[in-house]
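Values below: every heavy atom of this structure, side chains too, minus hydrogens, waters and symmetry copies. Both ligands and their constituent atoms are indexed starting at 1 by order of listing. All residue numbers in this chain count up from 1 along the given sequence.
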Amino acid sequence: MYQTPPQTRAVPVNVNRQPSDNASAKVNGNALNDEQIYQWINELVTGTNREKALLELGKKREQYDDLALVLWNSFGVITVLLEEIISVYPFLDPPNLSASTSNRVCNALALLQCVASNVQTRSLFLKANLPLYLYPFLSTNARQRSFEYLRLTSLGVIGALVKNDTPEVINFLLTTEIVPLCLNIMEISSELSKTVAIFILQKILLDDQGLNYICTTFERFHTVATVLAKMIEQLAALTVSGANGKPVTGQGQASSNSSGRLLKHVVRCYMRLSDNIEARKALANILPEPLRDGTFSSILQDDIATKRCLVQLLANINE
Ligand code: TRP
């Protein structure tokens, strides 16, 4: 039971733009030649104005592809970033994190995200186990904005790792139990954090080893399926209230777009689970009704790929 090797099927992957990733603005310049970068790094490591240095270096991230190399190889930089992160731990439990402290550590996290994104530093980043320092942030449950922002930015770092996933990344994440952390965020966090968390889960599922990991025990499969089902319930409730003729304001529009985005990921996660024979049998009984009865047909109207994915999912479980 639950050990059957999964069939693989190519599932279209939606590579989301991460919240703080600004790749499009990059000019592929050479950070090595920017004197200012060295001044800010110097300020970061030895100076008195570390907060400003974090902010300014964060801005440079948008300009240079190779900033990660400079950060990784400059003496003391990674140590300072870890120091910034660890200094926040005492405020996590009981939750007591000011907006400015959260902002400051998020600027440090943004620099780590840069290191996680770069193909030359990613592997070093993993080998040093640096993602583990973010797990205390991902484990928080407080709903205040300062915590939301902290979770979202931390997820952004993990998102950057899986965006260009390699077996090494997935393997790292599986051995460090990120899945339950993502599941918790999918339950308690804001829509944006939910989207990044489910994106990470989807990337793990798309990996054969990841699918095996989750379907190894019924309990794991069931935890994942339960959280997905809750998301479907929430999305269905939103869809129904939208269909009741409430005026669609600017805000309503935005939230219907983002529910579409969430739905897309949920459908793909279910679909991928159905590649596993045992999971497929279980899904035949527990797949939420709104996915079967056309509740989402208007949301999916223009999303042919997701519609096709849903059709395939239903075909799989009805086999
Ligand atoms: N230690 C738990 C396990 O290995 C971790 C876990 C909890 C988990 N919930 C999960 C893993 C859901 C995968 C899916 O089972």
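Close approach to Leu183 involves these atoms of ligand 1, each under 4.0 Å from a residue heavy atom: 12 (C). Of all atoms in ligand 1, listed by their number and element, those nearer than 4.0 Å to a heavy atom of Val179 are 13 (C), 14 (C).
The shortest contact between atom 4 (O) of ligand 1 and any protein heavy atom is with Arg220 NH2, 2.6 Å. For atom 5 (C) of ligand 1, the closest non-hydrogen atom on the protein side is Glu177 OE2, 3.5 Å. Ranking protein heavy atoms by distance to atom 7 (C) of ligand 1, first place goes to Pro180 CG, 3.7 Å. When hydrogens are left out, the protein atom nearest atom 11 (C) of ligand 1 is Tyr213 OH, 3.4 Å; that is the closest non-hydrogen contact.
Of the possible polar contacts, one joining the Arg280 side chain to the Ser274 backbone as a donor-acceptor pair under 3.5 Å is found.
Within 6.0 Å of CZ in Arg145 there are 12 or fewer heavy atoms belonging to other residues, nucleotides or ligands.
Looking at Glu148 and Arg151, a side-chain N of the basic residue comes within less than 4.0 Å of a carboxylate O on the acidic one, giving a salt bridge.
Between the side chains of Lys194 and Ser190, no donor-acceptor pair of N or O atoms lies under 3.5 Å. For the residue pair Asn30 / Tyr64, no side-chain donor-acceptor distance below 3.5 Å is found, with atom types taken as modelled.
Between Thr217 and ligand 1 there is no heavy-atom distance shorter than 4.0 Å.
Stacking of Arg220 on the aromatic ring of Tyr213 is recorded, both the 6.0 Å distance cut-off and the 45° axial limit being met.
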